[in-house]
Amino acid sequence: MSKYACRPLGAVMLGLAVSAPVVAADETTNRYIVHFDDSVTANAATMEAVHAMAQHGSPAWHVRRLAAGGELFELSAVEAEAMAASKGVVAVEEDLMVSLAGSIIDPLWRRQWYMHDPKVGIEAPVAWRDTRGEGAVVAVLDTGVTPHPEFDGQLLPGYDFITDAQAARDGDGRDADPTDEGDWTDPGDCHSRQGSPSSWHGTHVTGIVVARAGNTPGIVGVAPQAKVVPVRVMGRCGGRLSDVADAIVWASGGEVAGIPGRAPVDVINLSLRVPGACSMTMGRAIAQARARGTSVVAAAGNDSIKASGVSPANCPGVVSVAALARDGSMAWYSNYGDGVTVAAPGGSLGRMGIDDILSSVDGGERGRQRPIFKYYAGTSMAAPQVAGLVALMRSADPLIGVDEITAQLIDNARPLPGPCPKGCGAGLIDAGATVDAVIEDSVLPRPRS
Ligand SMILES: [Ca+2]
Ligand SMILES: [Ca+2]
């Protein structure tokens, strides 16, 4: 007979009516917290019996009284069930194991090779020993966002900067709702012959930056304790330079007529591009943002050309990001050359997708349907990893300046794991080494400007 089999049920000892039969328990017991109603807790004799159990350790199944009320017992499942059915018992709760908030239990973590692969990952978990981005804010200027469990508590109020109601598909021009209405096209739209489903591009990019840690099912962002300001600038057939420039000014704390201002974000992510030289419009907006202390990160572009030929990657002061394939070589689609500052994983753009970048999207072909996860590839997926790292850097040292951020990204980049003969900047970003260096240097006196 097991040592548990003959012990009386707690409820019986307490003199409570038990509606379930007491069955000899098997060896398996678990810890349960039992909450009694006032008829029990107000009954001094009954509670004394509970206390006596605790003090004398006999019978042994009563562990202790909890500070907030409730009694901790060690019971079999059958005993717990009987206890729950007893008169005077209001709740029987399992004494569950509690995980460290933000620990990496997200089930898709294994597939996020870009975060942790020893060869081609950005070493985000190493940086997380110091910070997960607490206090930092990233503006994602993109197609907007869709509701997703990965964004619960992760977003700050954003804005819809799309002036063209047809492109925005929300029936109006600028407004305070940055929700993505879908950028699907029909055959013949936007000079494309075939038409295409909605990309939910901004939702994917936002997930890479700031997807919640520790929820299921899902992924983790590079800076899961930072916040994202979603700014909608891209709609059906793309976006307007004028809207993007205004959004850069707004996100960096500048004044935009008719729109309530906000404090400067730490970094703006621009996973978008327009061919040609850096325009005066884009160049001015970016220079102003940097002058207000906001870093600007841009995708180098997916045209397989020199990054110096696309904007805003080629604008002065921009951190321009090339994409690496799963093997650590430059991705075949990535722009390259002198216009690239650093590289980050962008995916191989293979048939299976598993060598691409997994993040959050909506499942709708046209309008929104339900939150899901998908693999995308591109410099659009590489840039937000850098923006996320900048958030970690600003969290580690809120006083770090925009030029110092660029210098640290460059100085602490790793040599490329694979070939990039045409130029991938300083190499693969290393979140661990970069955040370590930022913390080390933050104690040194800064040059006065
Ligand atoms: Ca609108
Ligand atoms: Ca998650």
Side-chain angles (χ1 to χ4, degrees), residues 99-116 124-125 128 132-134 138 140-155 157-183 198 200 202-240 242-244 246-247 250-251 256-260 357-362 367-368 370-375 381 384-385 388 391:
S99 311
L100 192 64
S103 60
I104 303 162
I105 60 166
D106 304 63
L108 297 176
W109 171 250
R110 277 187 307 112
R111 301 193 197 179
Q112 291 185 273
W113 58 271
Y114 55 97
M115 300 275 272
H116 53 69
W128 292 345
R132 293 180 172 217
E134 297 86 346
V138 182
V140 173
L141 275 54
D142 214 289
T143 62
V145 282
T146 55
H148 204 290
E150 292 297 357
F151 300 160
D152 287 351
Q154 305 296 81
L155 306 181
Y159 217 84
D160 172 9
F161 270 85
I162 304 177
T163 40
D164 177 352
Q166 282 213 316
R169 286 199 162 116
D170 64 350
D172 59 21
R174 291 179 176 177
D175 66 80
D177 180 4
T179 304
D180 190 344
E181 302 293 339
D183 60 356
S198 288
W200 314 115
T203 295
H204 200 272
V205 168
T206 299
I208 293 167
V209 177
V210 82
R212 277 185 65 150
N215 62 335
T216 54
I219 56 159
V220 188
V222 174
Q225 295 283 329
K227 303 280 186 201
V228 160
V229 175
V231 187
R232 198 170 174 233
V233 293
M234 306 288 282
R236 176 178 163 270
C237 304
R240 286 280 179 191
S242 51
D243 288 341
V244 175
D246 274 3
W250 179 78
V256 179
I259 297 176
I357 307 299
L358 184 66
S359 186
S360 42
V361 287
D362 194 275
R368 291 183 300 278
R370 65 195 166 88
I372 60 166
F373 298 90
K374 263 190 187 171
Y375 288 99
M381 284 67 243
Q385 295 170 55

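This structure is a prediction, so every number in the text was calculated from the model and none was measured. Atoms within a ligand are numbered from 1 in the order they appear, just like the ligands themselves. One-based numbering along the sequence shown.
In this structure, the ring of Phe373 has its center less than 6.0 angstrom from the ring center of His148.
Checked against Phe161 for a side chain to side chain contact (heavy atoms under 4.5 Å, CB included), the options Leu141, Asp175, Ile259, Val244 give a single hit: Ile259. Partner of Thr206 under the side chain to side chain contact (heavy atoms under 4.5 Å, CB included) criterion, out of Thr143, Val138, Val140, Asp142: Val140 alone.
Of all protein N/O/S atoms, those under 3.0 Å from the Ca ion (ligand 1) are Asp160 OD2, Asp170 OD1, Asp170 OD2, Asp172 OD1, Gly173 O, Asp175 OD2, and waters are not counted.
Residues Thr146 and Asp180 have side chains that never bring a donor and an acceptor to within less than 3.5 angstrom of each other.
Looking at Glu150 and the Ca ion (ligand 2) together, the shortest N, O or S contact belongs to OE1.
The existence of a salt bridge linking Arg368 and Glu181 is confirmed by a sub-4.0 Å separation between a basic side-chain nitrogen and an acidic carboxylate oxygen. Salt-bridge check for Asp246 with Arg174: passed, with a basic side-chain N closer than 4.0 Å to an acidic carboxylate O.
The nearest N, O or S atom of Ile219 is closer to the Ca ion (ligand 2) than 3.0 Å. Under 3.0 Å from the Ca ion (ligand 2) lies an N/O/S atom of Arg212, whether from backbone or side chain.
Inter-residue side-chain proximity for Val233 and Arg240 is flagged as unmet; no heavy-atom pair is nearer than 4.5 Å.
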